[in-house]
Amino acid sequence: MSFWTWLKGETADGVTPNGNPGDPYNPGDPDMVDISGLTDFAETRALPWPQPSPWSGYPSSWSTPNWDVGHQVKSLVDVAWACIDLNSSVLSSMPVYRLRNGSIIKSLPWMGNPDPTVYASWQEFAKQLFWDYHLGEAFVLPMAHDSDGYPIRFRVIPPWLVEVELNGGMREYRLGSLDVTKEILHIRYQTTVDDPRGHGPLESAADRQVTIGLLQRYTQSLAETGGVPLYWLGIDRKISQSEATDMMDRWIESRTRYAGHPALISNGATLHQAKTMNASEISLLEMTQFAEARMAILLGVPPFLVGLPGATGSLTYSNIEQLFGFHDRSSLRPKANAVMAALSGWVLPGPQTLELNRDDYTRPSLVDRANSYKTLIECGVMTPDEARAMERLSDEPAASRITGGMD
């Protein structure tokens with residue numbers, strides 16, 4: 001049974017459940033406790049989620065807010081979407097593993113899929129989590145708990161659904177009329193002690209997003225209309241409105257009837273040729289590229305990685321690798337550490353932590369790795385078997401553990 005079904009207060013056959021539903025996968029297990037208060041919340045709502053509406057006296061000049069769940073994503077310009085998608089896709093593809101005092105330990109079932117009712121894998125959950133984090137804040141709600149009180153099933157909740165308020169310096173969280181302060185995890189990109197919500201880098205780029213959108217629409221309009229006219233007719237004497245209309249009609253009729261033939265102009269009129277605009281001038285290419293490059297940098301993505309020119313000049317194979325390393329160190333690592341640290345403290349007892357294995361993103365070539373292993377083995381730092389395990393060339397448990405597998 002899904003979370004949204006519980007919000008509606010109905011089971012699959014339309015019957016409202018009573019009491020504690022427990023774990024939807026094991027409803028008879030007393031050690032797994034679901035947030036049964038959702039049934040009370042559901043009884044007050046006819047829709048599967050709260051739907052705000054204008055209040056009495058709502059000024060007609062004010063536009064009704066867009067309460068669509070995908071509103072923030074749909075409003076992104078394409079370069080912002082590409083940057084968030086790149087970061088989130090890379091981060092979600094990194095294997096997750098569990099540590100205790102710096103040593104890798106056995107993975108937990110939810111590290112493969114935290115909620116099979118809505119996710120196909122951990123990667124889908126992680127991508128949604130990092131998408132919301134890039135937009136300013138992410139919320140994670142537990143669906144079931146283990147006997148030790150820690151969540152064993154959980155999912156990402158859309159930020160627009162959660163109401164956050166400050167009360168005596170403490171944040172309080174509500175889903176409609178349901179208080180989930182003690183349950184929900186709130187991961188904020190940037191915040192202050194006097195602000196209950198999180199804020200993302202795109203908030204500072206609102207004007208730039210508008211500029212990019214306007215330039216894109218302007219380019220589209222020019223393409224649809226064919227740009228500026230290539231010529232115009234001029235006459236030295238003053239003419240009346242009727243003469244101008246008659247001259248224009250005859251010119252259009254002549255060009256339509258004799259398309260491809262030389263033009264014949266009389267009555268003192270002169271044909272003036274306009275300067276032809278090339279594709280770069282029509283699309284205001286330099287202005288657009290500058291605005292999009294600044295947007296990419298705000299989101300922590302080197303412009304080159306999303307097909308934009310930057311200050312890197314001509315890139316060789318060597319400094320392209322360095323560019324990926326810079327992206328990892330300056331952007332992906334801080335984001336991964338912030339999100340996984342918050343998730344670790346919420347879902348695991350101390351001193352256990354969660355980390356993402358980022359090695360594959362900046363992994364050196366096989367030749368470079370082989371030379372490094374050779375040096376380390378000769379120095380006595382590692383053994384050949386350990387090198388084989390790191391390359392997944394053996395059945396060592398460490399290889400499966402570090403990729404999120406089971407022993």
Side-chain angles (χ1 to χ4, degrees), residues 1-12 16-43 48-49 96-100 105-126 128-130 132-133 137-159 161-164 170-188 339-356 404 406:
M1 184 176 299
S2 69
F3 168 68
W4 298 115
T5 304
W6 280 109
L7 281 180
K8 295 179 70 174
E10 297 178 353
T11 60
T16 301
N18 294 316
N20 184 356
D23 182 7
Y25 286 90
N26 191 5
D29 190 344
D31 291 337
M32 298 182 180
V33 182
D34 204 325
I35 45 177
S36 58
L38 289 177
T39 56
D40 298 330
F41 165 61
E43 293 174 358
W49 54 77
V96 60
Y97 56 97
R98 186 166 60 123
L99 299 171
R100 182 191 290 118
I105 60 177
K106 183 179 180 180
S107 300
L108 297 174
W110 54 259
M111 294 170 67
N113 190 338
D115 193 345
T117 60
V118 292
Y119 301 120
S121 63
W122 164 270
Q123 285 73 23
E124 185 179 356
F125 161 80
Q128 185 179 356
L129 180 66
F130 281 107
D132 286 353
Y133 180 71
E137 56 186 354
F139 296 90
V140 185
L141 188 69
M143 302 306 297
H145 296 79
D146 204 350
S147 56
D148 58 5
Y150 286 93
I152 57 173
R153 289 190 178 88
F154 44 88
R155 65 182 63 171
V156 178
I157 300 298
L161 184 59
V162 184
E163 299 177 13
V164 188
M170 302 295 293
R171 292 181 177 86
E172 295 182 349
Y173 302 87
R174 305 192 70 84
L175 283 172
S177 60
L178 180 65
D179 189 343
V180 292
T181 302
K182 296 182 179 180
E183 298 282 346
I184 203 164
L185 171 65
H186 187 194
I187 308 176
R188 298 171 293 278
V339 173
M340 301 313 291
L343 192 61
S344 298
W346 180 74
V347 78
L348 291 175
Q352 298 181 28
T353 58
L354 290 174
E355 288 189 9
L356 296 178
M406 300 294 291

Asks: For Phe125, enumerate each residue passing the ring-ring contact (aromatic ring centres under 6.0 Å, His included) test, keeping only those at least two apart in sequence or located in another chain.
Replies: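 For Phe125, the residues satisfying ring-ring contact (aromatic ring centres under 6.0 Å, His included) (neighbours in sequence not counted) are Tyr119, Trp122, Phe154.
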Asks: Within this structure, what is the CD1-NE2 distance for the pair Ile157 and His186, rounded to the nearest 0.5 Å?
Replies: 13.0 Å
Asks: Which atom names give the shortest non-hydrogen contact between Met111 and Arg98, and what distance separates them?
Replies: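 Shortest heavy-atom separation between Met111 and Arg98 comes out as CE-N, 3.7 Å.
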Asks: CG of Asp146 to CG of Leu108: how many Å apart, nearest 0.5 Å?
Replies: 9.0 Å
Asks: Are His145 and Tyr150 an aromatic pair, judged by ring center distance below 6.0 Å?
Replies: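 So the answer is no for these two rings.
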Asks: Decide yes or no for Glu137 and Asp132: does some side-chain heavy atom of the first lie under 4.5 Å from some side-chain heavy atom of the second?
Replies: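 Answer no - side chains too far apart.
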Asks: Using the side chain to side chain donor-acceptor pair (under 3.5 Å) criterion, which residues pair with Arg100? Sequence neighbours excluded.
Replies: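 Partners of Arg100 under the side chain to side chain donor-acceptor pair (under 3.5 Å) test: none.
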Asks: Step by step, would you call Phe139 with Val156 a side-chain contact (heavy atoms from CB on, under 4.5 Å)?
Replies: CA-CA 6 Å; Phe139 296 90; Val156 178; 6.0 Å; no
Asks: Using the side-chain contact (heavy atoms from CB on, under 4.5 Å) rule, take Gln352 and Leu99 through it: C-alpha gap first, then chi angles, then the decisive distance, then the call.
Replies: CA-CA 5 Å; Gln352 298 181 28; Leu99 299 171; over 6 Å; no
Asks: Testing Asp179, Thr181, Leu161 one by one against Arg174 for a side chain to side chain contact (heavy atoms under 4.5 Å, CB included), which residue passes?
Replies: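 With Arg174 as partner, side chain to side chain contact (heavy atoms under 4.5 Å, CB included) holds for just one option, Asp179.
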Asks: Considering all heavy atoms of both residues, which atom of Ala138 and which atom of Tyr133 are nearest to each other, and what is their separation?
Replies: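 In this case the closest contact between Ala138 and Tyr133 is CB-N, 4.0 Å.
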Asks: May I ask you to test the Arg171-Arg188 pair for a side-chain heavy-atom distance under 4.5 Å?
Replies: yes
Asks: Under 4.0 Å between a Lys/Arg side-chain N and an Asp/Glu carboxylate O for Arg155 and Asp115?
Replies: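 Answer for the salt bridge query: yes.
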Asks: Indicate the atoms forming the closest heavy-atom contact of Trp110 with Pro151, along with that distance.
Replies: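 Result for this residue pair: NE1-O, 4.1 Å.
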Asks: Scan side-chain atoms only and decide if Glu355 and Tyr97 contain a donor-acceptor pair under the 3.5 Å cut-off.
Replies: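 Yes - a donor-acceptor pair under 3.5 Å links their side chains.
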Asks: Given side chains that start at C-beta, do those of Leu175 and Leu141 come closer than 4.5 Å, heavy atoms only?
Replies: yes
Asks: Checking Gln123 now: which residues fulfil side-chain contact (heavy atoms from CB on, under 4.5 Å) with it, not counting sequence neighbours?
Replies: Ser121
Asks: When you look at Leu354 and Leu348, which way does the side-chain contact (heavy atoms from CB on, under 4.5 Å) test go after all the steps?
Replies: CA-CA 8 Å; Leu354 290 174; Leu348 291 175; 3.6 Å; yes
